[in-house]
Every structure is written in C-alpha cells, then in structure tokens.
> 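My questions all concern the structure below.
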2 protein chains.
Amino acid sequence: MRGIRQLAEHLEISIGTVSRALNGKPDVNEETRRRVLAAAEELGYVANQSGRSLRQGETKVIGLMIESSQEAVENADNFFLGVTSGLQHVFARHKLDLLMLPCPSDEDPCEYLKRMVARRVVDAMIISNTQRIDRRIDLLSRARIPFVAVGRSLSAGNFPWIDLDFEGVAERAVERLASRGHRRIAITAPSSEVNLGYVFVESYRQALERRGISFDPSLVIRVKSSEQGGYQAAHELLLLEDRPTAVILIYELMAIGLYRRLMESGIVPGRDLAVIGFRDAPRARFLQPSLSCFRMSLYDLGIALGEMLLADMPAYRELYPDSGRNIIWPLELVAGESDAFEIKAMV
Amino acid sequence: MRGIRQLAEHLEISIGTVSRALNGKPDVNEETRRRVLAAAEELGYVANQSGRSLRQGETKVIGLMIESSQEAVENADNFFLGVTSGLQHVFARHKLDLLMLPCPSDEDPCEYLKRMVARRVVDAMIISNTQRIDRRIDLLSRARIPFVAVGRSLSAGNFPWIDLDFEGVAERAVERLASRGHRRIAITAPSSEVNLGYVFVESYRQALERRGISFDPSLVIRVKSSEQGGYQAAHELLLLEDRPTAVILIYELMAIGLYRRLMESGIVPGRDLAVIGFRDAPRARFLQPSLSCFRMSLYDLGIALGEMLLADMPAYRELYPDSGRNIIWPLELVAGESDAFEIKAMV
DNA sequence: CCTACAGTCGTAAACGTTTACGGGATGCGT
DNA sequence: ACGCATCCCGTAAACGTTTACGACTGTAGG
C-alpha cells in the first residue's frame, strides 16, 4: 500500500481521521479506529517516516558512531556491541531506536558525522574515542544536537561525557607493581593526540612520582592498541638496555601479541616480566598465564550513557534528574598470574 | 541556520536557485553558486534529509541488521564489523552510507525489521542469521525492499543470498578425521530451526554415510554457538557411554569452553580428542593446542555482499552484471594441532 | 424550542526539500 | 530592428504526514 491517502480512499473516510486513528488520538470513534487498524494491517500500511519526521521534526532514533577501519575492527573486541545492549535497555523505555553509524576508514570522521547529522536521521548522537582536540564535539555543540561522548576532550567547554578511570587504573596498577618491588615500570599508550593516550600516561607519571620513582620517557611505548601493537611493544621493550621488570598495557588485547613476542625470546610473562592489562577484552581472557587486568561492565556503561544522553534531550530532560554531566567510570581489578612475582631489592 | 528558506532570504535570491546551486545543477551562475556555497558553509546550513528523501523517495542509506542480545554479543566476535569494511568499500563507490540496525534482544526481529523499513530510513537491507523459515524474507520481498541475506532459507523462492560452504566444510572435516581413523565423530550445531543448524548436520550425515560410517543421532550436540555452549558440549560428550574420538565445532568460539571442560577432566584436546573448528573467530586463535579450523575473509565477504545487493537495486543494476544471486562461500582449512593424532584400528 | 456540549470527522495548512515549467534578460546573427 | 538561442532565475507543485480548526451530528438541559 502506498500512502495514507490510498488507505483513506479504500476506507472511504478522510485522511485526517485515518492518521488520528493510527496514532491513538482520542477524538475518533472506536469502531472507526478498529476498521482503520484492520485495514492498515491487511494492506500492510506503515507510515512513511520521512513525511512523519518532516512534520514532527524528530525521528525517535539515536545514533552511535563507530569506526570501521581495519585497525578498529581488529582492535574492537565488540566493545560497541556490549554497550549497545545497555543503551537499548534505556531507549526502549521511550520507544527510541538505536542506529550504529560506522564511519568508513578512509573518511574524515568529522565530515562523516556532519553528513549524518545533516541527514537528520537521528535526534541525538553518541560518539567515542575522543581526540584531545575533537572537531566532532564542536560540530555537535554548534548544531545543537544532543550528544554524549565516551571519553573526555579539551574541546568545547562543557559537554556530557563518560570516561574510564584512567587515573585510578594507573594509580592502582603502579601501586600494585611498586609494592612488589618494581621500579622500572613501562607503559603502552596510543598517540597523545588521542585523549586517552595523553591522560593515561600523565596519570602514570604522577603515580610514579608520588612514590619517588623517576619518570623515564623511554618507558612510554607509543604503539597501536592492538594485538600487533602488543607484539611491537614487546619488541621495543626487549631493545631497551635497562630492561623494565613490569609493563602496563592500555588494552588487554595487546597482551596476546606481547606474550607471543616474549615467548619467542624465552621470556615468561608473570615470571620474568609483570604484565597488567586494562579494559575487558574477551579475546585476552584465555591467555596463559592469566592476565591481571582492570575490567568493567559494558552493559552498565551503556545504561549510564543512555541516561546521560536522555538527560540532555529536551523531550526527556525532566525524567532524568541532573545526574551529573560527567562520569569517571570505575574499573575493577581482576587479579591474575601475569604480575604475581616480586622483585628483590638490588641495591 | 534553519532551512533553505532562511538561507535564500539571507542571500536575497529564490529558494529554488539555492537548491540548484547546492546540488550542482547546471543552470545556475557560477558566481551565484559560489555565494550560496559560501553562505551555506558560513551559516552551517545542511539540507534536511526528511524533506529531501520525502521529495526524492530515496535515502542513499543501506541497512545492516544485527542482533544485540547478550548472547549474540558474546557470540559475535566482530563478525559484523569485519564485513562492514568490505561493504563500505563497495558502497563508497556510489556515495551510499551504511547503517547498522541492532535489534533489541527482547523484540521479535521481524517486527523490528518491519518498523525499520517502515521508517524508510534505508533504501535496502542486509540480513543475516537466517532461519529455516524466516518471516523477514517474506516481509522484505513483499515490501519490495531490495535485500540480501547471509544464509539460505526455505522461505520465499528466489532471493539473493550468500552462505558459507557448510557442505564443503562438513565433507572436508569428516574426510580429514576419517582418514586418521576416526569413526565416532561428534558434531555441534544450533537448533535445526536456524538454517545453518539444519544444513550443517545434514551435510555431516551425508559425508559420514559416503564413507560407510553410520549416523548416530546421539553424536549431534545441540548447544548454543558460544563459549558457554562449547563447555556444555564437552560436558555432554563426556557423558556418552561410547565416547567419540573427534568433534566438529560449528563455531570456533566454542572451542574455548570445550577446552576448559576437557581440561577439567584431564582430557587433552589434540591427543585424547580431535577437535576441528569452523569460521574464523579471533578469540579462538590463541588456544593451546592450536585449533584446526576453516576460515575466510570477512572483508571479501562484505565486498561480495555489497555487490550482490547493488545488483538487486534498480538504480545500480546495470553496473553489476548478473553475478548470480546466490553464492556458496568457500572456506580455507588452517591446520592446527587440535586434530593431529591418529586412531589405531580397534577391531 | 433554543442552547450547550460532547463526540466525530473533514479540510487545509504546514514541515523542508527538489524540480518541471516558464519568463526575463542578454547576446548574437541576420 | 528582429528573431532566436542561451543563460539564469523565480514560481509553484509535489512528496506523506500530522494537527489546528471548524463543521456536523445527536443529546441533554434549560
């Protein structure tokens, strides 16, 4: 069936009444409503969303931007699918739908986002992997599209975000290693342009200095947060003259490559080198020796993200009392065997 | 900036000219076009997609339906992100965008799909995980929405699909095991309502019978295709009185749980029980002993899916010569250690 | 009998685009 | 000076909805 007009003609009533009947408006005879619903079902009529959202100015759809580069795919470990279920649980309460927007790897994420919000196919957006300076945030702020970010940024003063507790993780990881006698502790991180790359290393540096351990820039290994990056990180570690006794990985996935490279040189993780990971990565759960790491619930994160977003949308604002526009997301340490040894004092 | 009307007023030219200028239509003065583009850029104007697609009747967006249930998330291992990059490579040629539609776990996929195509936010759809009887296929056929499915189905005569080569995999897996003396070969599969659950077991049965090995229904283990399912499968295998010497897993991920359960009983995969996996699952790549399995390129699959879909869309049909509306996707055997032992003849 | 009102329904405007159509200006050839 | 083509632009219709408004019944109350 084409449009509401054909449906109205078929029923021999006016188009307005059909619309009211379908949308549950009050002033329509129950008998008429029944007929309309029956006919719509029979003819398979469903309202065209373009017309509808043109008229109403909203789409009832929330967008979640993700990256689909080959690297991101290898890297991802269904982080997004994980938060998706939490998000949908929140959105379902308001009959909102979620759409994932995968940005092509060869396109500028900001241009892509601009195109997508221009399409006005979503009422609000969720972005992640924020850069220290992230033009997407300016774009969304200026376009007055409600949004929430996974990750902080220096851009655009005050916007809603949730970020992982890098400070806490760095502090606890360093504490754990230092208490076992480690003094030369390496760390892996992506480029400092990525916000998390900057914050994590900075927290690590402070945690070291609080304990009187001097910060050695050569122990900061800038590699991709991937299995491949882990391999390379191990490689670079082995080239250092004063080899570290511990390493903190910013992503658990890296442990897979790291372990492999270590094994190649006969170095046993958890005996010759302490390893601590960060963020739950299903793929890394099966390493031997098991990895000590910081984990969290992606589902809960999704819930929090969804509620924070709704609190920022005019239509739902009053339902979600000011829960704070910023959240530092806590992680829980899951102790494994990969850092279960102590360093004897050398001096 | 609100709409094209305000932009036109600001420029003191007509709304029609502005539209033509923005859309690169020929009959507009280059100087005017320059002014329009500059003003649009300055005021941040972008065309409202609702109005546009209402007028043109198309959205230039392709939808990819995925499931976001907790189970699917655990199960997924970024299969979809993998094909996504291939899909986008094809779609980018035609300035098409890809949208992922995650179906909430508590909603009927068919209802969800109906709602989404009703929204007319996509011009075409890609679905996967087809059931033997899949109402989504009828729905899309009847609504005349171009689509392509990952997986065959009994539904609706002739529709475009790509499916994995279950027959070939079952045949080669059985051959490989039988040639090493195995006679009692178990297999895991999901419910036979899922198309793949039916086809895989059927192929396995035929492969057995071609070699004169009788089919034993008790060796077909119906469990979830997940890590948890693998654990349970091992459990059930151990309960069988005449224990099999080999097992074929329909999803590699299951090997993780299976290994764990076997270890608990002191059974060593690759020595006491031969294991062969199916479909590339990054998480399962790091098992000890390494898993023998059948793999493929998700990227290439994405390319093929995209091209098959375009061949079914009126606007692009002539560009993609009839490449066949059905493809059986081949997989490559990657030999590991998990099935590297032979059975001595007992009788 | 008149008024008021509730219950229904039809009419038409509005949402923001694109585009077919026509018309005015300009330039050119005759 | 005239015809004609070219270039550019404005006008208005159309896409499919929703919804404010008004109109038409029938009923009850005065």
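Order of the sequence lines fixes the chain letters, A, B, ..., with proteins taken first and strands second; residue numbering starts at 1 for each chain. Values reported hereafter were calculated over all heavy atoms of this structure, with side chains retained and with hydrogens, waters and symmetry mates removed.
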> Tell me: CG of A/Asn29 to C1' of D/dG26, nearest whole Å?
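After rounding, the reported distance stands at 13 Å.
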
> Taking all atoms of both residues into account, what is the closest heavy-atom pair of B/Pro102 and A/Thr84, and its distance?
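In this case the closest contact between B/Pro102 and A/Thr84 is CB-CG2, 3.9 Å.
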
> Output the rounded distance in Å from CG (A/Leu7) to C1' (D/dT17).
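A/Leu7 atom CG is separated from D/dT17 atom C1' by 13 Å.
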
> Verify the contact: side-chain N or O of A/Gln56 to OP1 or OP2 of C/dA14, cut-off strictly under 4.0 Å; return yes or no.
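For A/Gln56, the contact criterion (side-chain N or O under 4.0 Å from OP1 or OP2 of C/dA14) is not met.
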
> State whether A/Asp123 and A/Lys60 are salt-bridged, where the test is any N-O pair (Lys NZ or Arg NE/NH1/NH2 against Asp/Glu carboxylate O) under 4.0 Å.
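No.
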
> Taking all non-hydrogen atoms of both residues, which atom of B/Cys103 and which atom of B/Met65 are closest, and how far apart?
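Scanning both residues completely, I find the closest heavy atoms to be CB-CE, 3.9 Å.
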
> Send over the distance from B/Leu22 CG to C/dT19 P, rounded to a whole Å.
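So the two atoms are 13 Å apart, to the nearest Å.
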
> Please give, in whole Å, the distance from C/dC15 C1' to B/Gln49 CD?
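My rounded result for the distance is 15 Å.
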
> Can you measure A/Arg33 atom CZ to C/dG7 atom P for me and round it to whole angstrom units?
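Atom CZ in A/Arg33 sits about 13 Å away from atom P in C/dG7.
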
> Which nucleotide sits closest to the side chain of A/Ala47: C/dT8, D/dC8, D/dT17?
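So the side chain of A/Ala47 is nearest to D/dT17.
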
> Whole angstrom is fine here: how far is it from CG in A/Leu54 over to C1' in C/dT18?
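Rounded to the whole Å, the gap is 13 Å.
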
> Which ones in residues 13-21 of chain A lie close to DNA chain D, meaning a heavy atom under 4.0 Å from one of its atoms?
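Output list: A/Ile15, A/Gly16, A/Ser19, A/Arg20.
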
> Does B/Ser50 place a side-chain N or O at less than 4.0 Å from the phosphate oxygens OP1/OP2 of C/dT17?
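The answer is no; no side-chain N or O of B/Ser50 sits under 4.0 Å from OP1 or OP2.
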
> Does B/Arg317 pair with B/Asp312 as a salt bridge, N-O distance under 4.0 Å?
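No.
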
> OP1, OP2 of C/dT19 versus side-chain N and O of B/Lys25: anything below 4.0 Å?
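Result: yes.
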
> When you measure from the side chain of B/Arg55, which nucleotide among D/dC8, C/dG16, D/dT17 comes out closest?
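Closest nucleotide to the B/Arg55 side chain: C/dG16.
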
> Compare side-chain N and O positions of B/Asn23 against OP1 and OP2 of C/dT18 and report whether any pair is under 4.0 Å apart.
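B/Asn23 to C/dT18 OP1/OP2: side-chain N or O found under 4.0 Å.
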
> Across the strands shown, which category fits A/Asp27 at heavy-atom distances under 4.0 angstrom: base, sugar-phosphate, nothing?
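The answer is base, as A/Asp27 lies within the cut-off (heavy atoms under 4.0 Å) of a base atom.
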
> Distance alone, cut at 3.5 Å: any donor-acceptor contact between the side chains of B/Glu67 and B/Asn129?
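B/Glu67 vs B/Asn129: donor-acceptor pair found between side chains.
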
> Relative to each other, are the rings of A/Phe159 and A/Phe147 parallel, tilted or perpendicular (30° and 60° limits)?
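Because their plane-to-plane angle is under 30°, the rings of A/Phe159 and A/Phe147 count as parallel.
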
> Can you give me the bend angle of the helix from C/dC1-D/dG30 to C/dT30-D/dA1? Use the axis through the first five pairs and the one through the last five, nearest 10 degrees.
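Its terminal axes enclose an angle near 60°.
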
> Find the distance B/Lys60:NZ to C/dT18:P and express it as a whole number of Å.
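Distance check: B/Lys60 NZ to C/dT18 P gives 13 Å.
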
> Considering only NZ, NE, NH1 and NH2 on the basic side and carboxylate oxygens on the acidic side, decide whether B/Arg35 and B/Glu42 come within less than 4.0 Å.
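Looking at B/Glu42 together with B/Arg35, the answer is no, because their closest N to O distance does not fall below 4.0 Å.
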
> Could you check whether B/Ser53 gets within reach of a base, just the sugar-phosphate, or nothing at all, counting any heavy atom under 4.0 Å?
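Counting heavy atoms under 4.0 Å across all strands, no contact is made by B/Ser53.
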
> D/dC15 P sits how many Å from A/Gln6 CD, rounded?
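After rounding, the reported distance stands at 9 Å.
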
> Under 4.0 Å from OP1 or OP2 of D/dG16: is there any side-chain N or O of A/Arg52 that close?
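So the side chain of A/Arg52 is outside the cut-off, no N or O lying under 4.0 Å from OP1 or OP2 of D/dG16.
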
> Salt bridge check: are B/Glu307 and B/Arg93 linked by an N-O gap of less than 4.0 Å?
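Yes, charged N to carboxylate O under 4.0 Å.
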
> So that I can tick it off, tell me whether B/Glu31 and B/Arg33 are bridged by a salt bridge, with the cut-off set at under 4.0 angstrom between side-chain N and carboxylate O.
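No, B/Arg33 and B/Glu31 are not salt-bridged.
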
> Please compare A/Glu30 and B/Gly51 by the position of their nearest nucleotide in DNA chain C and report the one closer to 5'.
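Result: A/Glu30.
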
> Side chain of B/Ile4: nearest nucleotide among C/dC15, D/dC9, C/dT18?
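Among C/dC15, D/dC9, C/dT18, the one nearest the side chain of B/Ile4 is C/dT18.
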
> Less than 6.0 angstrom separating the ring centers of A/His10 and A/Tyr45, yes or no?
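Judged by ring-centre distance (under 6.0 Å), A/His10 and A/Tyr45 do not meet the cut-off.
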
